[in-house]
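All remarks here apply to the structure that follows.
First listed ligand is number 1; within each ligand, the first listed atom is number 1. Computed from a predicted structure; not experimentally measured.
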Amino acid sequence: MKPSHIEHIGIAVKNLDESIKYYQDVLGLECYNIEEVKDQKVKTAFFKVGETKIELLESTDPEGPIGKFIEKKGEGIHHIAFAVDKIEEKLKHAEDKGVRLVDSVPRKGAEGLDIAFLHPKSTFGVLTELCEDKNK
Ligand code: ZN
């Protein structure tokens, strides 16, 4: 599959504003984008660390995926996202290798990326996202 880099790390938080303060004031990173992804019932905040981003995720609905995650496991790392090209082919490749897909067809994620998730049961416990920036 050969991802070019880790596109972002998704971190589930209870309170976006408070966690943004930590990333800004303690780590000295700049929040350059806040975006609601209605589809996923989350509000997201983004920071750049080199080529990789930190994506903070606050649930807008207790029944949404992040709401449920926090209820079960508490705050913390939720997923890791790899940058790939030709995402449809990469999904097919994963499926051919026996990996269970959450999304068999890519959908639109934050920042206009095409994204798809691989199921953590097939990825040794790590919810894995593939993303492709088709705008560049
Ligand atoms: Zn993500």
Checklist entry - Any chance NZ of K92 has more than 12 other-residue heavy atoms, nucleotides or ligands included, within less than 6.0 Å? => result no

Checklist outcome for this item: Atom name of the N, O or S atom of E55 nearest to the Zn ion (ligand 1) is OE1

Item to check | Name, closest N/O/S atom of H79 to the Zn ion (ligand 1) | outcome: NE2

Checklist outcome for this item: So the angle subtended at the Zn ion (ligand 1) by H8 atom NE2 and E129 atom OE1, rounded to 10 degrees, is 100°

Next on the checklist: Among H78, E7, H79, which residue satisfies the side-chain contact (heavy atoms from CB on, under 4.5 Å) criterion with E129?
Outcome noted: H79

Checklist entry - According to the interplanar angle, ranging from 0 to 90°, do the rings of F46 and Y32 count as parallel (below 30°), tilted (30 to 60°) or perpendicular (above 60°)? => result tilted

Checklist entry - Considering residues, nucleotides and ligands other than L27, do more than 12 of their heavy atoms fall under 6.0 Å from its CG? => result yes

